[in-house]
Amino acid sequence: MKKIKSLVIGLGQSGFDLDLDPKRKIIWTHCKAINKHKNLDLCGAIDSDHSKGFHIKKKFKDKVLFSSDLEECLNEIKPEFISICTPTNTHLDLVKKLSNFKGIKYIFCEKPLGTNTKEAQEIISLCKESKIILATNYMRRWDKKYLWIKDKIESKSLGNLISINAYGTTAMYTSSSHLMDLILFYGGSAEKVSGYIQEDFIRKVHGEKDPGANAFIKFSNGVTCHLIAKSKTPNHYMFEIDLIFQEGRIVIKNDGKYLKFYTFKKTDFSGTGYLGLSEKKINIKDNERMLDAITDIINCEFGESLPKSSGKNALDVHKLIRAINKSSLKNGSFCKI
Ligand SMILES: NC(=O)c1ccc[n+]([C@@H]2O[C@H](COP(=O)([O-])OP(=O)(O)OC[C@H]3O[C@@H](n4cnc5c(N)ncnc54)[C@H](O)[C@@H]3O)[C@@H](O)[C@H]2O)c1
């Protein structure tokens, strides 16, 4: 198979830098993932900041063309696969430019898709009109641990899912949007929400206000969820989910570092028929989810299949955040999502 010519736009944390962190064991950035993927060829890297060219040259020598000029780079390389890793408020403008350029088949866009629901919808429409397969980097949707849990929910091996408690930190559009995406992945179709925006600390991300929140979500299948996405600094990191089933419980600790799996069993603390939680050890090895994401994306056929994380689930996250904001303005009254 001929390798797919690829281009990364934005060479900051998500595009290039996160993989310079020696403590990260799996691939986190688009440059590294594309460079390692057997079917892709990283041909170009773009950043409006010229100084980023130095790092690209150091890492990839002359194999990868660095440029600050998108149009020039597109004409030179004619890529089919593009990763967008620039600040969120640039995504729509970039997709507008890319959708006018013939030959692009795949856009792998960082999350959140846009700065609001309208922008996200516009990005989805532009990709649809240009027959571009759009994927969003809610990367846990390609992560074996999180997929194993989804399978447990669908197979009902612990009975029905009853409720979800999710614990994150501040900034709904930033790390908490990953948490919301998983809540929606597991919970199903979210119906309404009561929310309160955090006011005592508001994070600014790329110059935009991005507050945290507390929310109570009701799903159409009866599942309920309490989301806590608050903290007083972005440096506090918490990413945990507690799923309660009819016949057990699954707890995701420390961003999936540990999974705790319980079933209700007879206990030695009571002879009166109460069943307690009995823990079973679960050990699922980390997979290279960014590589699996790329494989999934390039295996999609436009109009026939969607990547595991596409514009669709990204838009659902936007709608949830919009409803939390609306509810908070109405003093926590339930708002439709
Ligand atoms: N999936 C994740 O876990 C994850 C992690 C971090 C960031 N993100 C997302 O990735 C996106 C980028 O965030 P980041 O933290 O990598 O940002 P960053 O500030 O670290 O890097 C952004 C880079 O884009 C460049 N840039 C800005 N506008 C540009 C333009 N119009 N054309 C070309 N280059 C441009 C900047 O010079 C900078 O080098 C955001 O949407 C963010 O939410 C996702």
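In what follows, residues are counted from 1 in the order of the sequence shown. Order of listing sets the numbers, starting from 1, for every ligand and every atom in it. Just so you know, these numbers use all the heavy atoms, side chains as well, and skip hydrogens, waters and symmetry mates.
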Asks: Can you list the atoms of ligand 1 that are under 4.0 Å from a heavy atom of C85?
Replies: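 Selected atoms, number and element: 12 (C), 16 (O), 22 (C).
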Asks: Which of the atoms in ligand 1, numbered in the order shown and given with their element, are less than 4.0 Å from a heavy-atom of P112?
Replies: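 Those atoms are 43 (O).
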Asks: Please list the nearest protein heavy atom to atom 21 (O) of ligand 1 with its residue and the distance rounded to 0.1 Å.
Replies: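 Going by distance alone, atom 21 (O) of ligand 1 is nearest to G12 CA, 3.2 Å.
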Asks: Are D255 and R140 close enough for a salt bridge, meaning some N to O gap below 4.0 Å?
Replies: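 R140 and D255: salt-bridged.
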Asks: Both conditions, 6.0 Å and 45 degrees, for the charged tip of K253 above the ring of Y258: are they met here?
Replies: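 No, K253 does not lie over the aromatic ring of Y258.
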Asks: Quick one: nearest non-hydrogen protein atom to atom 42 (C) of ligand 1, plus distance?
Replies: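 Answer for atom 42 (C) of ligand 1: K111 O, 3.5 Å.
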Asks: Any N or O on T90 sitting closer than 3.5 Å to an N or O of ligand 1?
Replies: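 So ligand 1 has no N or O lying under 3.5 Å from an N or O of T90.
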Asks: Give the ring-plane orientation class for Y138 versus H178, where under 30° counts as parallel, over 60° as perpendicular and anything between as tilted.
Replies: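 If you compare the ring of Y138 with that of H178, the planes turn out perpendicular.
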Asks: Is it the case that atom NZ in K3 sees more than 12 heavy atoms from other parts of the structure closer than 6.0 Å?
Replies: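 Yes, because the 6.0 Å sphere around NZ of K3 holds more than 12 heavy atoms from other groups.
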Asks: Which option, V8, D93, T86, T174, owns the non-hydrogen atom nearest atom 40 (C) of ligand 1?
Replies: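 When every heavy atom of V8, D93, T86, T174 is considered, T86 comes closest to atom 40 (C) of ligand 1.
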Asks: Among all the protein's non-hydrogen atoms, which is closest to atom 41 (O) of ligand 1, and how far away is it?
Replies: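 Result: T88 OG1, 2.8 Å.
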Asks: Considering non-hydrogen atoms of the protein only, which is the closest contact for atom 15 (O) of ligand 1, and what is the distance?
Replies: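 So the nearest neighbour among protein heavy atoms is Q13 CB, 3.4 Å.
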Asks: What atoms of ligand 1 come closer than 4.0 angstrom to any heavy atom of H91?
Replies: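 Near H91, the atoms of ligand 1 are 41 (O).
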Asks: Write out the residue and atom name of the closest protein heavy atom to atom 39 (O) of ligand 1, then the distance separating them to 0.1 Å.
Replies: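 Answer for atom 39 (O) of ligand 1: D47 OD2, 2.6 Å.
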Asks: Give the residue and atom name of whichever protein heavy atom lies nearest to atom 17 (O) of ligand 1, and the separation in Å to one decimal.
Replies: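 Atom 17 (O) of ligand 1 sits closest to the protein heavy atom H206 NE2, 3.1 Å.
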Asks: Out of all atoms in ligand 1, which are within 4.0 Å of some heavy atom of D49? Include the element for each.
Replies: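 In order of number, 37 (O).
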Asks: Between R141 and D181 (salt bridge meaning N to carboxylate O under 4.0 Å), is one present in this structure?
Replies: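 Salt bridge between R141 and D181, a charged N being under 4.0 Å from a carboxylate O: yes.
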Asks: Pick from E208, E119, H206: which one makes a side-chain hydrogen bond (donor to acceptor under 3.5 Å, both in side chains) with N89?
Replies: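 Testing N89 for a side-chain hydrogen bond (donor to acceptor under 3.5 Å, both in side chains) against E208, E119, H206 leaves exactly one candidate, E208.
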Asks: State whether Y146 and R289 meet the cation-pi test: NZ (Lys) or CZ (Arg) under 6.0 Å from the six-membered ring centroid, and within 45° of the perpendicular axis.
Replies: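 No, a cation-pi geometry is absent between R289 and Y146.
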Asks: By number and element, which atoms of ligand 1 are closer than 4.0 Å to a non-hydrogen atom of N137?
Replies: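 Taking each heavy atom of N137 in turn, ligand 1 has 1 (N) under 4.0 Å.
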Asks: Assert yes or no for the condition that the ring centre distance of H318 to Y173 is strictly below 6.0 Å.
Replies: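 Yes - the distance between ring centres of H318 and Y173 falls below the 6.0 Å cut-off.
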Asks: With sequence neighbours excluded, tell me which residues meet side-chain hydrogen bond (donor to acceptor under 3.5 Å, both in side chains) with N75.
Replies: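 Applying side-chain hydrogen bond (donor to acceptor under 3.5 Å, both in side chains) to N75 gives none.
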Asks: To check your reading of the model: name the closest protein heavy atom to atom 27 (C) of ligand 1, its residue, and the distance in Å.
Replies: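 Looking only at protein heavy atoms, the one closest to atom 27 (C) of ligand 1 is P87 CD, 3.3 Å.
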